[in-house]
Each structure stands twice: as C-alpha cells, then as structure tokens.
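By convention here, the first residue in the shown sequence is residue 1.
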Amino acid sequence: MSLFSELQKASSEEDVKDAYIKALHLKSYQKNLIDIQTKEVWFEAKVGCKVSTYAMFTQLCFYVAQALKDGEEIPPFLCVIDSVKAAIMETQTVYSLLNDKSVKIKWGKSASDVTQEALEVVSQYIGTHFVSFRIETQEKEFIDTVQNAISTGEIIRTQITPDNLKQVFDRWVEMIGREICGIEPENYCLLFFADIMSDGTVSTHENLPAELLHKNNRPTFLLDGKLYELGNYDGYRKFWAIYNRPPEVEYRNYLLERRDSLIPTDERSFKGAYFTPLHVVEKAYELLNRTLGKNWQRDYIVWDMCCGVGNLETKHSNHRNIFMSTLDQADVDVMKAAKTCRAATRFQYDYLNDDITDDGKIDYTLTEKIPQSLRTAIAEAKAGKDAAGKPAKKILVLINPPYAESGEGINKGNKEKVAKTKFARTAMKEYGKATNELFTQFIARIAEEIPNATIAMFSKLKYVNAPNFEEFRKNLNIKYLDGFIVHSKSFDGLKGDFPIGFLIWKLQEKSSFPKEISCEVLDKDAKPIGQKSFYNLSNECFLSKWMKRPSANEEEVIALKNAVTESGIGKWSDNAIAHFLCDSNDLQNAGQATALFSSTVKIGHKGTCYVTPENLWQAAIVFTVRRIIPHTWINDRDQFLQPESELSDEFKTDCLVWMLFNGSNLTAGADNLIWDNREWSMTNHFIPYTEDEVNAPDRFESDFMVRYIEKLPHLSGTDSPFSCEARAVLEEGKKLWRAYFSATDERAVRDKYKLNRSDAGWYQIRGALKSRSESGDFPPVSFTAFETAYRTLTEKLRPLVFKYDFLR
C-alpha cells in the first residue's frame with residue numbers, strides 16, 4: 001500500500017510517524033520530544049494537514065536552538081511531515097539566524113507552544129529554502145529525496161524524465177505558469193519547455209518557440225516577441241529547489257516530441273496532438289514495407305499534413321522525400337530546434353482552411369504556403385509522369401489526423417468549429433454527417449486534391465462501418481490494401497477502450513468502398529493476437545431499423561432520468577406499456593444506452609422507442625442482443641444487424657425473461673412523483689407473477705405481463721412457453737419477490753426507491769433487498785441461486801446472437 005493510502009487511514013500522530021518510518025525504511029531512529037530522530041534527519045510530524053510547513057519548521061528550529069545552546073549533535077537535515085504534505089531543508093540554512101546574537105527570538109515554553117513572533121522570524125528567514133512535496137502526487141520524489149539526503153548528505157533534485165514529464169508540467173503550471181502575467185493556458189507548454197531546457201542561463205536548443213530570459217535578475221519569458229513576467233517569484237524558487245534542469249541529454253529531444261501530452265485536452269483533440277507511440281510506428285512501417293514494397297521510402301513522396309512534432313516520420317530513412325505540415329508554427333519550431341527530420345520540408349499549414357475557395361476548390365495561390373516542389377509533385381502524380389515524360393513519383397499520405405467531432409446525443413462533442421472548417425462548409429455537401437469529423441474531412445480533401453494518392457492513416461474505425469458515414473463511403477472511390485488495429489490504450493491521453501486502425505488505402509476511379517475489410521489485431525504492446533473483420537453494410541440492415549416505433553400522443557407523463565427520479569414532463573403513446581432507451585447501433589454505446597422505463601426517459605438521448613403489446617417481443621430481443629455480448633476494445637465499433645432467418649419461439653421467450661431480470665430493466669411502480677408542483681404516478685406492467693404467487697399485500701395495478709405470458713405459444717413437447725433455463729430464472733426470481741414482500745423496509749430505503757405501492761419493479765426489489773442485507777437489521781437474502789440461473793440463461797443466449805446474425 002502506498003504511503004499516501006496509509007496516511008489517509010491515520011487517526012493519530014503515531015500513525016503518521018509509523019507510516020513515514022515504514023515508507024522511508026528508517027532503521028536507527030528514536031521517538032522522543034523530537035517526533036522522529038535519526039543521526040541524519042529530525043522529523044516534526046502532525047496528523048491531518050492544518051498546521052503549516054512554516055509552523056512545523058519553526059518547532060524544529062526550537063529544538064535546534066536548544067541543541068546549539070547545549071552543545072548537542074545536530075543532524076544535517078530537518079524534515080516536516082503530515083497526512084498530505086512534507087518538506088525537507090538543510091539544517092545549515094538556519095544556523096546563521098540561530099547563531100546571530102543580535103536577533104533575540106522569544107521562543108515560548110516548548111516547541112509545541114512557540115510564539116507568533118518566533119513563527120514570523122523563522123518563516124521570513126527560511127523563505128523558500130526548503131523543498132516541499134504533496135504526497136498524493138509526489139510520493140516517490142519525496143521518498144527518493146529523503147533517502148538520497150541520508151545516503152549522500154545532499155538534497156538531490158529530481159530529474160525530469162519521460163516518465164514524470166506530465167506530473168512535472170502540472171506542478172510547473174501550479175507553481176509557475178499561473179504566476180506568469182498575461183499568458184494563455186494553451187501556451188504554458190511552450191514556456192515550460194523554454195524553462196526546463198535551460199540551466200537557468202543557457203538553453204539546450206536554439207530557436208525554441210519561447211525563450212527564458214532574465215530581467216532584474218528575475219526570470220522572464222519571451223514568446224512571439226512579447227515579454228511575460230512572473231507575478232510572484234516564490235513558486236519559481238520552490239519549484240527549482242525540487243527539480244534538476246536541464247534534463248539528461250538522452251531525454252531532451254524526446255521530451256520536446258511529447259509536447260502533445262501537455263496541450264489542454266480540448267485543444268489537443270481538435271489539433272490531433274496525440275503522440276503516435278514508437279512501437280506502433282514501427283509496426284506501421286513494417287506493414288508499409290509488405291504492402292508497398294521494400295523500396296517505398298525511395299519510390300514515394302510522403303506528405304503528412306498533420307505531423308505535429310514529426311514522430312510519425314522519424315522511422316523514415318529518406319527525409320528528402322518527406323513534406324511535413326502542421327497547424328501550429330510552434331510545432332515547426334520544435335521540430336527545427338530538436339532537428340527532427342531536418343532534411344524534410346517542414347511548414348505551417350492549416351489543411352482544412354487554407355487555400356479553399358468559397359466554392360470548395362483548392363487554390364494554392366491563396367496563401368502561397370505550399371512549397372513549389374510539393375505542388376509540382378502533386379501535379380506530376382495526377383498526370384502520371386514528370387516533366388521529362390518519365391513515370392512520376394507516387395504520393396503517400398501518411399497521417400495520424402485529429403479525432404475531434406461535433407455532434408449531439410450519446411456522441412455529443414463540444415467542438416463547434418469542427419463542422420465549420422472551410423473545407424467542410426464548402427466542399428463536403430455530399431458527404432453527410434462525415435462533416436462532423438475532422439479525420440474524414442482530411443480524407444475528403446485528399447481525395448479531391450490527390451485523387452490517385454495512397455493513404456496510410458491512423459484513425460478510429462467508425463468511417464468503415466458506422467451508420468453516420470454511409471454517405472461518406474458512397475462518395476469515396478477507394479480500394480483497401482491492408483491494415484491493423486491496435487488498442488487505444490497504446491496512445492497516451494485517449495479515453496475509453498476502442499480500436500485505432502492503421503489502414504492503407506489506394507484512391508482510384510472505378511473502386512467503391514469495400515463491403516468487408518480484414519485487419520490484423522495488435523494488443524497495446526503492438527503484439528499480434530488475431531484477425532478482425534469490419535463490414536460496410538447499408539443502414540437499412542441495422543437493428544435500429546427493425547422495430548416499429550410508435551408515435552407520441554398528447555398525454556402528459558412524468559419524465560425520468562433513472563428508474564424513479566423525476567426529470568421533467570414528457571409525452572406518452574397509445575397503448576404504451578414502457579419506454580425503451582436504445583440509442584446508437586454499435587456495441588460501444590449499447591451498455592450505457594439500453595434500458596427499459598415505466599415512463600418517458602429524458603436523459604439526453606434521441607434513440608428511444610415506446611413499447612406496446614404489439615412490439616414487446618421485438619423490444620425484448622433488441623434489449624437482450626444489445627446488452628448480452630460483453631463490450632471489448634476489439635468489438636467496440638461492431639454494428640447490430642437485423643436477423644436474416646426466422647427466430648424460434650424459444651429464443652423469443654428466453655430474451656423476454658432475460659430482459660425482465662436484467663439490471664437495466666428499470667420499470668417501476670410509484671406514486672407521489674413531484675414535478676412542476678404536480679403529483680405523478682406510474683404503473684409497472686412488467687411483473688411476471690400474480691399477487692398470490694409472491695404473497696403481495698395488495699393488488700398490482702397491472703397484470704399485463706401475466707396475461708401476456710399466458711398467451712405465448714407453448715414450446716414443442718412442453719406445457720410451458722419457456723425453456724428450462726428461463727423457467728429456472730423465473731423460479732429464483734419469484735423467491736426474491738417473496739422475500740421482498742416478507743418485510744417492510746426502513747423509511748430511508750422506501751424513500752430512495754419510491755416503495756409506496758405494491759407493484760414495485762425488479763430494480764426497486766433488488767435495491768431494497770440488497771439494502772436490507774447491508775443494514776444488518778434483516779436476515780440476509782442470497783442472490784446466488786438466482787445469479788447462477790441467470791448466468792446459465794446468458795450463456796445459452798450469447799452464441800445465438802451470432803447464429804441469428806445480430807452480430808457478425
């Protein structure tokens with residue numbers, strides 16, 4: 001267990017001492033008036049975090065003053081510790097103060113009772129001469145610093161390395177960046193690199209975007225011709241008391257390349273500032289060798305129009321064949337300072353806005369940013385021959401473009417400017433919702449600009465099979481060559497578990513987007529673990545189109561944001577018995593966007609459907625299919641499809657039972673729901689038992705499900721509509737329903753689950769029973785038998801999802 005975790009459990013000062021002794025591996029120590037005393041360090045300890053670092057150091061100085069007076073041995077270091085923070089200081093720092101006979105310090109009677117005067121004098125004197133740490137985020141740095149001090153007799157500053165870069169940057173922003181007057185947060189990283197890539201006076205790199213200067217012996221930053229000064233200097237001194245600069249030579253260029261990880265998240269996703277891991281880049285180059293031939297680096301002109309700081313090209317052996325453009329001039333400056341691909345042509349260019357005419361054409365004379373040599377290469381590639389009539393060099397677009405999107409609902413984005421790039425507004429009218437994605441805008445312009453280029457691209461896979469990209473695929477003349485997918489966890493800063501594809505395509509006339517592509521699957525370490533296919537199918541094949549969706553009427557009902565929590569007022573539908581959330585059509589969203597409610601659901605999703613007696617059988621199947629297959633990073637983008645063969649009665653009724661007892665069946669019965677100063681009720685139509693079967697104290701408002709089950713056709717050779725697996729679930733569920741009615745819950749539980757009528761739903765009953773078990777005031781109710789039966793039904797149904805082609 002970490003030191004911080006131990007400290008959060010500490011309830012006394014002794015607990016704090018013991019935690020630090022254990023973490024620092026202190027062996028020869030004493031606990032006396034000085035909380036922890038070794039030959040090398042004296043520690044002052046507190047529980048909690050209310051006493052300031054200065055106050056604790058003042059208490060230690062009391063002991064040092066006494067030791068000086070008595071001629072006792074004094075250690076070289078003083079350290080203060082509590083539940084969240086710590087600091088260390090060389091004892092010699094305070095010798096001048098304590099030995100100065102002209103300074104009369106009124107200490108007080110004891111270290112724990114030092115006077116305010118003593119605190120003020122010591123605090124002013126020690127200033128920023130100590131190194132402080134927040135244990136939650138700097139535990140390792142603290143432990144290393146103290147152990148090094150003990151072993152070497154020196155406070156050794158922490159090195160800045162690739163492993164702690166983000167942590168160091170965050171601390172720099174907290175202690176220095178926010179004190180720089182007038183700087184925008186998105187430029188913190190530029191000033192950070194100027195600061196760390198210097199020994200305080202001399203920079204390790206020439207021509208970095210920002211520069212560290214000094215004015216009146218204080219640090220000042222120069223960026224874009226403007227000086228930025230520190231509002232407060234204390235944080236700067238404290239920071240550089242902790243860390244050593246500049247970084248070791250072996251790390252410097254790599255740290256500059258990782259500028260992407262320091263850009264604010266929103267800006268990062270819009271600009272595509274995601275460092276492509278080098279082990280993944282190596283796999284990409286291996287695939288390019290197999291697909292384009294071993295001489296492709298000689299035979300192809302390469303253009304990366306969103307190169308960032310260029311790590312995707314560092315594996316290329318012929319930089320003279322490379323053109324590298326990027327949105328930010330600062331990235332170009334970093335590449336030049338780090339001498340990344342120095343023989344390549346590197347330039348600033350906004351690919352989705354520069355050189356676009358008002359009618360969506362490409363005109364290089366608008367900005368004159370595109371080098372003439374690249375214009376010539378593009379023209380010759382289109383013509384197929386160079387000026388001498390020889391075959392022209394082919395063009396490979398090698399990119400890891402931005403992943404930002406704009407949209408609504410479950411894929412809601414916050415990047416309004418994504419769909420407002422000039423190319424999207426003027427040249428993508430036929431591409432449908434692909435205009436909401438930056439990376440598909442790149443593909444669309446490439447197809448217009450270099451219609452016979454080869455594209456090798458890192459991206460999400462949604463453009464291959466997602467419903468919103470059907471129009472995009474129809475309008476793209478392209479041939480698939482080869483590819484792999486790799487876990488998104490390989491890329492720092494990407495949230496979620498999904499595949500990133502590196503797919504190689506050839507733009508060419510008379511080629512339509514393929515119906516199926518196959519990719520090698522690589523884990524996050526880029527090791528091969530199998531194959532995966534993706535399917536380009538018509539939206540009319542998708543499961544989202546299968547159910548008939550009844551229209552709303554004018555009847556007002558309470559709107560919900562979960563099973564029994566009010567969210568507004570909604571509309572109902574004729575003969576409706578439930579409202580079904582079934583938004584989006586892929587496995588990525590199925591888990592959080594599949595649920596059944598007894599009233600209108602209103603939680604920001606557009607994909608809903610009213611359930612009626614007529615479409616209930618379909619709702620049960622769609623519910624089950626969407627929730628029963630576990631989501632993985634590999635199947636994240638798989639689309640649910642309509643069944644291609646007739647479904648058996650047994651499958652239908654198994655799905656019904658599976659839905660009734662799933663955790664996302666949020667149907668419920670409740671009174672006294674309040675919204676807009678009105679009282680609302682809702683009826684639960686999904687109880688599969690009669691009142692007598694479960695010993696209910698009162699009549700259920702609805703017996704719909706019992707009557708519905710009675711009308712189901714019996715399975716062949718049985719006197720029941722249910723399989724043995726479904727019957728086992730129903731039987732175990734009945735026991736839990738009876739257990740619920742066997743006692744009355746506490747008021748807090750009744751209020752939480754709105755247990756004010758007899759037709760409680762599965763969500764309410766499950767929650768109430770588990771609350772009883774946790775309280776200890778009721779006999780515990782075991783769910784083991786039910787869970788075993790439900791798991792058996794689940795294992796039976798899962799392969800049928802593929803047998804009936806709901807998923808491929």
Side-chain angles (χ1 to χ4, degrees), residues 1 5 8-9 11 560 562-565 591-592 594-598 623-624 627-628 630 654 656-673 682 684-701 705-706 709 722-798:
M1 184 176 290
S5 299
Q8 300 322 292
K9 299 189 302 181
S11 58
L560 304 170
N562 67 22
V564 291
T565 302
Q592 62 177 328
T594 306
L596 198 65
F597 299 82
S598 283
F623 182 104
T624 301
R627 290 204 58 89
I628 201 168
D654 279 350
L656 176 64
V657 172
W658 197 89
M659 177 185 73
L660 289 175
F661 290 92
N662 185 263
S664 287
N665 171 14
L666 304 182
T667 54
D671 291 327
N672 304 320
L673 302 172
M682 59 186 184
N684 179 15
H685 298 283
F686 284 74
I687 303 175
Y689 311 110
T690 66
E691 294 87 344
D692 290 338
E693 286 180 298
V694 294
N695 297 325
D698 295 304
R699 177 178 180 270
F700 296 152
E701 184 72 19
M705 190 54 64
V706 170
I709 289 172
F722 297 114
S723 66
C724 61
E725 295 86 358
R727 289 199 302 273
V729 172
L730 285 164
E731 189 58 38
E732 295 302 329
K734 185 189 299 183
K735 294 175 185 177
L736 295 174
W737 235 280
R738 287 174 177 168
Y740 166 72
F741 284 122
S742 68
T744 300
D745 294 283
E746 298 173 348
R747 178 60 182 267
V749 174
R750 298 202 309 273
D751 289 346
K752 178 180 179 180
Y753 293 104
K754 303 292 195 299
L755 301 173
N756 48 34
R757 50 193 277 176
S758 61
D759 58 345
W762 174 236
Y763 164 83
Q764 295 165 295
I765 286 171
R766 192 174 70 253
L769 291 176
K770 290 187 176 180
S771 294
R772 290 179 196 174
S773 296
E774 291 168 0
S775 72
D777 296 329
F778 296 87
V781 176
S782 174
F783 279 73
T784 301
F786 167 80
E787 289 167 351
T788 299
Y790 193 75
R791 185 165 55 248
T792 300
L793 179 60
T794 299
E795 291 168 355
K796 174 187 177 183
L797 282 170
R798 276 182 180 156

Discussion item. Quick check against the 3.5 Å criterion: does Y689 have a side-chain atom that pairs as donor or acceptor with the backbone of K734?
Written reply: yes
Worksheet item: Would you find a donor on one side and an acceptor on the other, under 3.5 Å apart, between the side chain of R798 and the backbone of I628?
Response: yes
Response to the item:
Contacts of A668 meeting side chain to side chain contact (heavy atoms under 4.5 Å, CB included) (sequence neighbours excluded), chain-then-number -> V564, M682, Q764
Worksheet item: With a 3.5 Å cut-off and no angle check, do the side chains of T794 and W658 form a donor-acceptor pair?
Response: yes
Worksheet item: Do K752 and S771 have side-chain N/O donor and acceptor atoms under 3.5 Å apart?
Response: no
Discussion item. Quick test of your reading: applying salt bridge (charged side-chain N to carboxylate O under 4.0 Å, His left out), list the pairs with at least one residue in residues 737-746, sequence neighbours left out, ordered by first then second residue.
Written reply: D745-R772
Worksheet item: What residues, two or more places apart in sequence or in another chain, satisfy side chain to side chain contact (heavy atoms under 4.5 Å, CB included) together with T690?
Response: D692, E693, V706
Worksheet item: When rounded to the nearest 0.5 angstrom, what distance separates OG in S742 from CG in L769?
Response: 8.0 Å
Worksheet item: Looking at side-chain heavy atoms only, is the closest gap between S664 and F623 below 4.5 Å?
Response: yes
Worksheet item: Taking all non-hydrogen atoms of both residues, which atom of A760 and which atom of W737 are closest, and how far apart?
Response: O-CZ2, 3.8 Å
Worksheet item: Could you give the distance from CZ (F597) to CZ (F686), rounded to the nearest 0.5 Å?
Response: 12.5 Å
Discussion item. With rounding to the nearest 0.5 angstrom, report the CD1 to CG distance, I709 to L656.
Written reply: 6.0 Å
Worksheet item: What pairs with S758 under side chain to side chain contact (heavy atoms under 4.5 Å, CB included), at least two apart in sequence or on another chain?
Response: D698, F700
Practice prompt. State, yes or no, whether a side-chain contact exists between V749 and L755 at a heavy-atom distance under 4.5 Å.
Written response: yes
Worksheet item: Can you pull the salt bridge (charged side-chain N to carboxylate O under 4.0 Å, His left out) pairs that have at least one residue in residues 661-673, sequence neighbours excluded?
Response: D671-R757
Practice prompt. Report the distance from atom OG1 of T667 to atom CG of L660, rounding to the nearest 0.5 Å.
Written response: 7.5 Å
Identify every side-chain donor-acceptor pair in residues 777-786 under 3.5 Å, counting partners at least two apart or on other chains, and give the distances.
| from | atom 1 | to | atom 2 | distance (Å) |
| --- | --- | --- | --- | --- |
| S782 | OG | T784 | N | 3.2 |
| S782 | OG | T784 | OG1 | 3.2 |

Worksheet item: What closest approach, in Å, do F661 and G733 show between heavy atoms, and which atom pair accounts for it?
Response: CE2-CA, 3.7 Å
Discussion item. Under the side chain to side chain contact (heavy atoms under 4.5 Å, CB included) test against W762, which residue among N665, N684, I687 passes?
Written reply: N665
Worksheet item: About how many Å separate CG of D654 and CZ of R727, when rounded to the nearest 0.5 Å?
Response: 10.0 Å
Worksheet item: Given side chains that start at C-beta, do those of P688 and L730 come closer than 4.5 Å, heavy atoms only?
Response: yes
Discussion item. Rounded to the nearest 0.5 Å, what separates atom CG in N756 from atom CZ in R750?
Written reply: 9.5 Å
Worksheet item: Which heavy-atom pair separates L560 from A563 by the least distance, and what is that distance?
Response: CD1-O, 3.5 Å
Worksheet, complete the sentence: On a heavy-atom basis, the closest approach of A789 and E732 is CB-CG, 4.3 Å
Fill in: Minimum-distance pair of heavy atoms, taken over all atoms of P697 and F741
CD-CD2, 3.4 Å
